[in-house]
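Step one of this worksheet: look at the structure below.
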Amino acid sequence: MSEAKKYPAPVTNPETAAFWDAASRGKFMIKRCTACGEAHYFPRAICPFCYSDKTVWEESSGEGTIYTWSLMRKAPTGPYAIGYVTLKEGPSLQTNFVDCDLTTLKIGQKVKVVFKPTDGAPLPFFTPV
């Protein structure tokens, strides 16, 4: 029987504490700027579009589509896939794909967020729907 993959605990700070607290409850959070209306990820206090500090937390659906991906076949820990996902809410983010046959991933494929446990807050990854 294979041993479950162990993920490193994320490093948190006061600015991202709400994100990791929500992740502990299975919620994937993004930020939205109330000045320009744009959603962004990774959540931060200053909007990367208009530089306003008028940002609020918003729960994401956790659903998106694969924009691009790459399969790393020769890694000491075994094959893994990384890529970019565009969320339904608009932001794109870099992620790892888990719990699937990595050779069947496709650009445009629907995916959803899944959380994997660590010694701290769980980490968000994506898996095909």
Side-chain angles (χ1 to χ4, degrees):
M1 186 162 154
S2 67
E3 191 174 312
K5 185 169 176 79
K6 185 155 174 71
Y7 297 100
V11 177
T12 63
N13 61 52
E15 186 177 15
T16 62
F19 176 85
W20 297 114
D21 290 343
S24 296
R25 297 187 310 277
K27 297 180 184 293
F28 187 69
M29 304 298 285
I30 59 175
K31 279 276 191 127
R32 185 168 301 275
C33 178
T34 59
C36 71
E38 293 286 339
H40 59 270
Y41 183 89
F42 189 82
R44 49 198 170 276
I46 304 297
C47 174
F49 300 101
C50 72
Y51 308 110
S52 170
D53 64 350
K54 308 287 190 260
T55 61
V56 293
W57 290 102
E58 178 180 300
E59 185 177 353
S60 168
S61 66
E63 298 172 350
T65 57
I66 296 175
Y67 176 76
T68 190
W69 66 280
S70 185
L71 178 57
M72 309 303 172
R73 295 180 188 275
K74 295 183 180 183
T77 57
Y80 66 96
I82 61 170
Y84 279 89
V85 166
T86 302
L87 297 172
K88 270 188 176 179
E89 295 80 8
S92 293
L93 58 110
Q94 187 176 16
T95 188
N96 286 64
F97 298 103
V98 296
D99 302 337
C100 65
D101 178 352
L102 301 177
T103 63
T104 64
L105 293 172
K106 303 224 179 310
I107 291 172
Q109 187 172 10
K110 301 285 185 208
V111 291
K112 66 179 181 178
V113 73
V114 293
F115 292 95
K116 296 295 183 179
T118 71
D119 289 335
L123 290 174
F125 296 98
F126 282 80
T127 192
V129 174

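The basis for the numbers below is simple: all heavy atoms, side chains too, and nothing from hydrogens, waters or symmetry mates.
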Closest heavy-atom contact between [X] and [Y]?
{"X": "Thr104", "Y": "Asp101", "answer": "OG1-O, 2.8 Å"}
{"X": "Ala39", "Y": "Phe49", "answer": "O-CE1, 3.6 Å"}
{"X": "Val85", "Y": "Gly64", "answer": "CG1-CA, 4.1 Å"}
{"X": "Glu59", "Y": "Met29", "answer": "CA-SD, 3.6 Å"}
{"X": "Trp20", "Y": "Pro122", "answer": "CZ3-O, 3.5 Å"}
{"X": "His40", "Y": "Cys47", "answer": "CE1-CA, 4.0 Å"}

Using a strict 4.0 Å threshold on nitrogen-to-oxygen distance, state whether [X] and [Y] make a salt bridge.
{"X": "Asp119", "Y": "Lys6", "answer": "yes"}
{"X": "Glu58", "Y": "Arg32", "answer": "yes"}
{"X": "Asp99", "Y": "Lys116", "answer": "yes"}

* **Residues Leu93, Phe126; criterion side-chain contact (heavy atoms from CB on, under 4.5 Å); working and verdict** => CA-CA 11 Å; Leu93 58 110; Phe126 282 80; 3.7 Å; yes

Under 4.5 Å between side-chain heavy atoms, counting indirect links through other Ile/Leu/Val/Met/Phe/Trp/Tyr residues: same cluster for [X] and [Y] or not?
{"X": "Phe42", "Y": "Ile46", "result": "no"}
{"X": "Val113", "Y": "Leu102", "result": "yes"}
{"X": "Val111", "Y": "Val114", "result": "yes"}
{"X": "Leu71", "Y": "Val98", "result": "yes"}

How about [X] and [Y]: do any of their side-chain heavy atoms sit closer than 4.5 Å?
{"X": "Phe97", "Y": "Phe125", "value": "no"}
{"X": "Leu105", "Y": "Pro128", "value": "yes"}
{"X": "Phe19", "Y": "Asp21", "value": "no"}
{"X": "Lys112", "Y": "Thr127", "value": "yes"}
{"X": "Thr95", "Y": "Ile82", "value": "no"}
{"X": "Cys36", "Y": "Ser52", "value": "no"}
{"X": "Thr55", "Y": "Thr34", "value": "no"}
{"X": "Thr118", "Y": "Pro10", "value": "yes"}

* Asked: Between Phe28 and Phe115, how do the two ring planes meet: parallel, tilted or perpendicular, split at 30° and 60°?
  ->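 Taking Phe115 first and then Phe28, their aromatic rings sit tilted (interplane angle of 30° to 60°).
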
* Asked: Hey, mind stepping through Lys31 and Trp57 against side-chain contact (heavy atoms from CB on, under 4.5 Å) and telling me if it holds?
  -> CA-CA 5 Å; Lys31 279 276 191 127; Trp57 290 102; 3.3 Å; yes

* Asked: Say you draw a straight line from CG of Asn96 to OH of Tyr7; how long is it, rounded to the nearest 0.5 Å?
  ->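 Between atom CG of Asn96 and atom OH of Tyr7 there are 7.5 Å.
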
* Please round to the nearest 0.5 Å and tell me the distance separating atom OG of Ser70 and atom OH of Tyr80. => 8.5 Å

* **Stepwise side-chain contact (heavy atoms from CB on, under 4.5 Å) test for Lys106 and Ile66** => CA-CA 7 Å; Lys106 303 224 179 310; Ile66 296 175; over 6 Å; no

* Asked: What residues form a side-chain contact (heavy atoms from CB on, under 4.5 Å) with Thr65, not counting sequence neighbours?
  -> Thr86, Lys110

* **More than 12 heavy atoms of other groups within 6.0 Å of Tyr67 OH** => no

* Could you check Glu89 against Ser61 for side-chain contact (heavy atoms from CB on, under 4.5 Å), going step by step and ending with a plain yes or no? => CA-CA 8 Å; Glu89 295 80 8; Ser61 66; 3.1 Å; yes

